[in-house]
Amino acid sequence: MQFAAGRQPLFLLGLLAPALLLVGALVAWPVVNGVHLAFTDATPLRPGRSYDGLDNFTWLAADPEFHAVVRNTALIVGGATLLATAAGYGLAVLLDSGLRWSGLYRTLIFQVWVVPWIVIAILWGWLFSQDYGLVNYLLLRTGLAESSVKWLFDPVGARLAILSGYAWRAIPFIMIICLAGLQGIPRELSEQAAIDGAGFWARQRHVVLPLLRNILLVAALLQAVRFLQEMTLVFVLTQGGPVNATMVVSLYTYKTAFEDWDFGLASAVGTVWLVTLLALALAYVRLALRRELG
């Protein structure tokens, strides 16, 4: 088998053909077709389509609403990624420190990862409800607020609610990734640093974090890409409001395609979205290679 695969290109191609066909049908063709539609005025409201060149991209570049959507997305996705990464790393350090019943805590925390987004949306709607939400109840009981806060009807409050929901969903995944990385670091390194007089925070900064840096970057990148694809939480809780304060790229693309029925413009948004993700991935790969090569 090894001889045939190495000496017979057609045999090797035959082995790879099913996978290549699946990738082409399920990945490559939808992407190519979406990019093609971005240069047209495609819509199901009329037959046919015409080539519009860069008109859709020109519209997006001059549209203040799209600029606001990009800012909202960067704020919510970036903030949630940073918060989830910090919290996940902190929980991993706590569980790796020999905490009693750590296996049980790890299992319970990881259950959050398997909760469907629609369930999280319902839960967050209850937590931040103006009338009976747990957040308002705690604020009133502790005296931090004099009256109920209209979280989902205030631009800042709605952003905080969405951002916290995104972060909460991602914490278990990042915790597991960091915990696996921590268990791969020789304990002798931290023990030697402690003997030399380094405190807890100094050991984390100068010993642990440099060794986990690439793992943290990969985990954060994966979650940021996942957040960019997610629209369930925003769709259920705020519909992008109030006043487009929580309108993110994924929901904006959906509304453009299936409420305005402008497939061409929605495809243009998707193309910009794809190019941005590719640029982020390329920047990460170059940064990782630069660090690896010293």
Side-chain angles (χ1 to χ4, degrees), residues 64-92 94 108-175 178 216 219-255 273 276 280:
E65 181 181 358
F66 181 68
H67 297 170
V69 169
V70 172
R71 290 193 297 270
N72 291 338
T73 304
L75 176 63
I76 293 173
V77 171
T81 302
L82 291 175
L83 181 59
T85 302
Y89 174 77
L91 285 173
L94 182 63
L108 293 176
I109 295 172
F110 191 70
Q111 295 310 305
V112 176
W113 176 250
V114 300
V115 176
W117 275 106
I118 185 62
V119 176
I120 296 176
I122 296 172
L123 172 62
W124 244 245
W126 169 70
L127 287 175
F128 289 92
S129 171
Q130 175 187 348
D131 300 321
Y132 50 81
L134 178 61
V135 176
N136 274 335
Y137 173 78
L138 294 176
L139 290 175
L140 292 173
R141 291 286 294 180
T142 56
L144 296 177
E146 297 181 356
S147 60
S148 296
V149 180
K150 299 179 180 180
W151 290 100
L152 301 180
F153 298 93
D154 175 74
V156 176
R159 288 193 188 104
L160 288 175
I162 298 299
L163 190 153
S164 62
Y166 276 30
W168 184 78
R169 179 65 158 73
I171 287 173
F173 173 77
I174 296 180
M175 180 200 72
C178 291
L216 285 171
L221 179 63
L222 290 175
Q223 286 309 303
V225 171
R226 183 68 184 88
F227 290 155
L228 287 171
Q229 299 172 346
E230 177 55 41
M231 57 169 264
T232 305
L233 189 63
V234 181
F235 183 81
V236 173
L237 291 185
T238 65
Q239 286 283 316
V243 199
N244 284 337
T246 59
M247 181 67 71
V248 292
V249 171
S250 55
L251 183 58
Y252 179 82
T253 306
Y254 171 83
K255 286 180 172 288
W273 186 359
T276 302
L280 290 175

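All heavy atoms count here, side chains included; hydrogens, waters and symmetry mates do not.
The shortest non-hydrogen separation linking Leu251 to Gln239 is CD2-C, 3.7 Å. Nearest heavy atoms, Ala121 versus Leu237: O-CD2, 3.3 Å. Nearest heavy-atom pair across Ala158 and Gly241 is CB-O, 4.2 Å. Leu163 approaches Ile76 most closely through the heavy-atom pair CG-O, 4.0 Å. When all heavy atoms of Ile174 and Tyr89 are compared, the pair lying nearest together is CG2-N, 4.5 Å. Shortest non-hydrogen contact noted between Pro242 and Asp154 is CG-C, 3.7 Å.
Rounding to the nearest 0.5 angstrom, the gap separating the CD1 atom in Ile120 from the OG1 atom in Thr232 is 9.5 Å. Leu222 CG to Thr81 OG1: the interatomic distance, rounded to the nearest 0.5 Å, is 10.5 Å. Atom CH2 of Trp117 is separated from atom OH of Tyr166 by 6.0 Å, given to the nearest 0.5 angstrom. Note: Thr238 OG1 to Ile162 CD1 = 4.5 Å, rounded to the nearest 0.5 Å. Residue Ser129 holds its OG atom at 8.0 Å from CG of Leu152, rounded to the nearest 0.5 Å. Note that OH of Tyr137 and CG of Asp131 are 16.0 Å apart. Values are rounded to the nearest 0.5 Å.
In terms of modelled atom types and a separation under 3.5 Å, the side chain of Arg159 and the main chain of Asn72 share no donor-acceptor contact. A donor-acceptor contact shorter than 3.5 Å links the side chain of Ser250 to the backbone of Glu230. Here the side chain of Thr73 pairs a donor or acceptor atom with the backbone of Val249 at under 3.5 angstrom.
For the side chain to side chain donor-acceptor pair (under 3.5 Å) test, no residue two or more places apart in sequence or in another chain qualifies with Asn244.
Using cut-offs of 30° and 60° on the angle between ring planes, the pair Phe66 and Tyr252 is tilted.
At least one side-chain heavy atom of Trp168 sits less than 4.5 Å from a side-chain heavy atom of Leu123. Between Val77 and Val248, every side-chain heavy-atom pair lies at or beyond the 4.5 Å cut-off.
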side-chain contact (heavy atoms from CB on, under 4.5 Å) between Asn136 and Trp151, worked out
CA-CA 9 Å; Asn136 274 335; Trp151 290 100; 3.2 Å; yes
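Using modelled atom types and a 3.5 Å distance limit, the side chains of Trp124 and Ser164 yield a donor-acceptor pair.
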Only distances under 3.5 Å count here; give the side-chain donor-acceptor pairs of residues 140-150 to other protein atoms, sequence neighbours excluded, each with its distance to 0.1 Å.
residue: Thr142; atom: OG1; partner: Leu138; partner atom: O; Å: 2.7
residue: Thr142; atom: OG1; partner: Leu139; partner atom: O; Å: 3.3
residue: Ser148; atom: OG; partner: Gln130; partner atom: O; Å: 3.4

